[in-house]
Amino acid sequence: QGCDEPSDEGVNVFGFIQPKYQYNENAANDDTNTFDFNRARIGVMGKIPYDISYYVVLEASPDNQRHDGDAYLLDAFVTYSRYDFARISMGSFKSPISLELNTPCHKLHTINRSRVVEQLATPDRDRGFMVLGGSDTTLFQYSVAVTNGNGLFDKDDNKKKDYAARVVVNPHKNFKIGASYKYGESASATAGMPDDERTRWGADLQYKTGAFMLQAEYLYGKDVGSYTTGGGCGEELTLHQGSVKRDGGFIMAMYKFKNNLQPVFKCEFFDSDKDMGNNTEFCTTYGLNYFLNDWTKIQANYVYRAERADEIDNDIFMLQVTVKF
Amino acid sequence: QGCDEPSDEGVNVFGFIQPKYQYNENAANDDTNTFDFNRARIGVMGKIPYDISYYVVLEASPDNQRHDGDAYLLDAFVTYSRYDFARISMGSFKSPISLELNTPCHKLHTINRSRVVEQLATPDRDRGFMVLGGSDTTLFQYSVAVTNGNGLFDKDDNKKKDYAARVVVNPHKNFKIGASYKYGESASATAGMPDDERTRWGADLQYKTGAFMLQAEYLYGKDVGSYTTGGGCGEELTLHQGSVKRDGGFIMAMYKFKNNLQPVFKCEFFDSDKDMGNNTEFCTTYGLNYFLNDWTKIQANYVYRAERADEIDNDIFMLQVTVKF
Amino acid sequence: QGCDEPSDEGVNVFGFIQPKYQYNENAANDDTNTFDFNRARIGVMGKIPYDISYYVVLEASPDNQRHDGDAYLLDAFVTYSRYDFARISMGSFKSPISLELNTPCHKLHTINRSRVVEQLATPDRDRGFMVLGGSDTTLFQYSVAVTNGNGLFDKDDNKKKDYAARVVVNPHKNFKIGASYKYGESASATAGMPDDERTRWGADLQYKTGAFMLQAEYLYGKDVGSYTTGGGCGEELTLHQGSVKRDGGFIMAMYKFKNNLQPVFKCEFFDSDKDMGNNTEFCTTYGLNYFLNDWTKIQANYVYRAERADEIDNDIFMLQVTVKF
């Protein structure tokens with residue numbers, strides 16, 4: 001019946017849940033409010049002597065649209081780490097582009113990621129292998145991934161792989177600069193045409209001194225033949241025909257007081273078609289984080305969405321508890 | 001890659017499975033019998049210093065109809081318990097109404113809950129926050145919940161929340177009296193009409209002396225505009241238009257012998273429309289529980305279903321093993 | 001809220017993942033290649049004093065077709081093991097037929113099971129109870145199962161159960177001979193007809209000396225009324241009307257060198273209809289396993305598929321990492 005003993009080193013069970021309250025302002029006083037889950041994850045990780053480690057995590061948030069709320073495998077990879085400057089992972093993992101995408105979900109400074117990251121750093125997870133080196137404390141950190149290019153659930157639809165790379169330089173203890181690049185091709189959305197192409201590049205920086213932190217990021221995306229929208233946390237991707245150039249970015253500042261309160265201020269923009277005028281969206285988030293302890297925080301975010309033409313009622317208030325275990 | 005160390009206090013993995021054999025008597029000698037699962041749950045819980053605890057559990061029974069047998073998140077909440085008389089939970093949890101609904105599924109005295117509880121104490125889980133105080137050993141115990149009112153998977157469909165409360169008084173060590181109340185509104189099932197209303201109230205008592213225990217419960221439900229049927233363990237809810245008043249109850253007695261055998265006898269009734277005559281269903285369960293040890297029990301239930309007008313063949317025999325880990 | 005303490009003995013969390021790279025040769029140079037998951041499993045098992053044990057495991061591979069990549073309950077059973085010659089399990093488990101089916105998935109010598117096992121030893125899991133006795137080191141080992149006969153997700157569709165049995169004799173420390181038999185009936189695929197019948201029998205042997213191992217297996221299946229195709233790992237079963245006789249087998253040899261490299265050679269055949277001529281498929285697998293440590297192995301398989309009539313391009317190359325925890 002295949003009942004083997006677990007490995008000597010033991011398995012660490014971990015995860016986090018993010019129950020949330022959200023209030024949406026809508027036109028004509030038709031506001032809505034709901035309790036939901038942002039994320040709910042359970043997983044295991046561990047080390048196997050020598051040089052092997054594994055990381056497996058399920059997403060179980062009932063609000064994930066992709067799977068009607070069912071649990072599914074998110075990240076799952078095995079890593080060979082004999083050489084610290086060239087660790088190799090195989091399985092499913094986050095794409096190595098963007099500063100904010102690669103910030104763990106339970107450590108995000110605002111409740112949601114920026115719209116530009118949700119729209120352009122997709123698919124947020126992919127399957128393949130990755131080579132990575134360095135760490136938060138080294139001068140230089142890199143990751144290079146070769147993946148299917150079409151996310152967690154589909155097999156590759158063409159002969160070519162997608163390539164992504166990210167480099168972070170740490171020239172001073174307070175300061176980090178990152179650059180990301182991704183190129184991929186996928187089967188054409190129009191029959192008989194050559195493969196569609198996706199290109200992404202981005203730059204980001206982080207400045208930290210004492211209790212203060214500043215982050216800024218810019219992402220640019222060029223799609224030829226077809227492009228996707230959607231794809232935020234657990235959100236379904238929608239495929240569109242046609243070519244488009246898009247970009248966006250954010251700047252975010254926060255300060256952590258000694259009483260464990262951390263105000264956050266974030267400005268972002270997203271241009272959903274650079275060849276079109278007047279369609280850039282602006283968004284400002286006023287946040288307040290409270291750290292109950294190392295594993296529990298409460299986040300309140302007020303998101304003000306500004307429209308170019310005329311102001312409409314679409315602001316959002318969110319209150320989220322994150323407990324990590 | 002978001003690989004953090006688990007928290008110091010450790011994560012407790014727990015759960016239980018309930019493989020079952022069921023024999024259904026049907027008309028015309030067309031009886032059926034099957035092996036299935038009543039419930040199959042895996043979860044984690046733990047404490048985080050100070051005053052925070054979490055509880056996360058997946059339902060994985062392949063016989064759940066809601067999700068075609070896929071695993072999904074059931075209870076998931078974080079609790080702040082600094083003040084024992086006012087602990088606060090946020091996430092998804094059982095509605096604080098009914099004695100039998102709030103008996104843990106692996107501790108039920110009969111294999112199934114009563115029909116009135118399955119029909120009127122729905123949705124059995126809901127999302128929101130709860131304030132609760134007291135424990136099994138205190139004179140007074142209460143819980144008050146503010147929830148979406150539409151279960152585990154849907155966001156709230158109207159502006160108003162649902163409210164539920166339950167109080168248990170423990171005037172003597174052998175004796176407990178409980179009272180429950182719930183009121184909620186939901187978007188009207190008929191377009192353009194005001195919100196539909198649901199009201200529930202119930203009363204229950206428990207008497208325990210030595211190896212003997214008696215439980216009794218009454219539940220009343222009034223639905224205006226629309227009502228649901230179904231909703232037992234993992235069962236899909238069905239929405240009906242119209243208003244209805246329903247009630248039901250049960251009385252159950254059991255005695256645990258020194259050889260770990262526990263006979264159980266339960267009588268229940270359910271009136272699916274109080275404005276209609278002759279539609280009350282009666283049901284008698286003859287049960288025998290055997291406790292192999294503190295975590296394992298075997299339950300045999302014979303359920304005799306009596307019909308007002310003429311007797312039909314629809315009795316059920318069930319044999320279930322519960323193993324808790 | 002039903003938060004009990006876990007049992008004294010503790011719960012062991014275990015599982016394994018199998019990220020894979022696959023290259024498919026196709027006609028007209030239209031080859032494809034993809035990263036995917038063969039299996040991804042997480043579960044718990046443990047012992048409860050006295051004589052009770054449990055085993056619960058979820059399949060979470062995003063490539064399972066049965067559930068669109070959602071996680072679901074695979075094996076889940078409770079075992080009473082007071083008598084070592086007659087241990088009793090209840091729940092869902094592997095059918096006790098075939099040597100290769102009963103080789104644990106993370107211990108398979110080739111990446112895929114043989115085609116005859118995938119086609120005839122279905123459903124690979126079933127629900128019911130099993131009596132088993134003996135172990136790998138005893139002269140005699142047996143298992144007898146009474147099950148629904150229709151797999152993990154459906155309740156039994158007729159009044160009769162399916163019966164399966166497997167016996168393994170171990171006459172010499174190097175040598176094992178096995179025999180399997182299964183008989184079941186299911187509701188007729190054609191309305192108004194008597195129940196359809198399925199019969200399976202098989203024989204297998206294993207010879208092991210030092211680093212060398214040889215395995216061979218033969219399986220025969222006779223279906224009256226209807227039959228299924230498909231049903232490999234996580235694959236959907238397809239039901240066909242009509243009767244069919246099928247058989248197949250494999251012979252496999254391997255040698256484990258001191259440097260942890262293990263070449264494997266496997267020949268198999270499968271006749272999808274014994275009353276038809278010229279339809280036997282032949283398949284040769286050239287494999288190389290490398291054991292990084294006791295819990296991690298890398299497998300490379302080249303599968304050459306030979307066609308009777310004329311050779312077509314349909315060979316497969318696979319590279320799979322298995323990490324067990």
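Below, each value reflects all heavy atoms present in this structure, side chains not excepted, and no hydrogens, waters or symmetry copies. Residue numbers start from 1 in every chain, and the chains themselves are labelled A, B, ... in the order their sequence lines are given, proteins ahead of strands.
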Open item on the list: Holding to side chain to side chain contact (heavy atoms under 4.5 Å, CB included), I want the full list of residues that pass it with C/N293, two or more places apart in sequence or in another chain.
Closed with: A/I48, A/I52, C/W295, C/T296
TODO: Side chain from CB out, backbone as N, CA, C, O: work out which of these in C/D68 comes under 4.5 Å of a heavy atom of chain A, or both, or neither.
DONE: backbone
TODO: Can you see which heavy atom on C/A60 is nearest to which on A/L58, and at what distance?
DONE: CB-CD2, 3.7 Å
Open item on the list: Which atoms of C/L319 are under 4.5 Å from chain A, going by heavy atoms: the side chain, the backbone, both sets, or neither?
Closed with: backbone
Task: Minimum heavy-atom distance A/K161-C/T34, with the two atoms named - done: NZ-CA, 3.6 Å
Task: Option that, when pairs with chain C are counted at under 4.5 Å, heavy atom only, ranks first among A/D156, A/N148, A/V78 - done: A/N148
Open item on the list: Just so I know, are the side chains of C/F35 and A/K155 near enough to count as touching, which here means a heavy-atom distance under 4.5 Å?
Closed with: no
Task: Interchain contact, C/Y23 with chain A, by part (heavy-atom threshold 4.5 Å) - done: neither
- [ ] Determine the option with the most heavy-atom pairs under 4.5 angstrom with chain A, choosing from C/T103, C/D31, C/D36, C/V321.
- [x] C/D36
Task: For C/N259, all residues meeting side chain to side chain donor-acceptor pair (under 3.5 Å), sequence neighbours excluded - done: none
Task: Contact class of A/N150 relative to chain C, heavy atoms under 4.5 angstrom - done: neither
Task: Smallest separation among heavy atoms of A/R127 and C/P62, with atom names - done: NH1-CG, 3.5 Å
TODO: Working to the nearest 0.5 Å, report the span between CG of C/D70 and CG of A/L73.
DONE: 11.0 Å
Task: Under 4.5 Å from any heavy atom of chain C - which part of A/Y80 - done: side chain
- [ ] Looking only at non-hydrogen atoms, find the nearest pair between A/G91 and C/P19 and report the distance.
- [x] CA-CB, 3.8 Å
Task: Max heavy-atom pair count under 4.5 Å with chain A, selected residue of C/T32, C/N33, C/L292 - done: C/N33
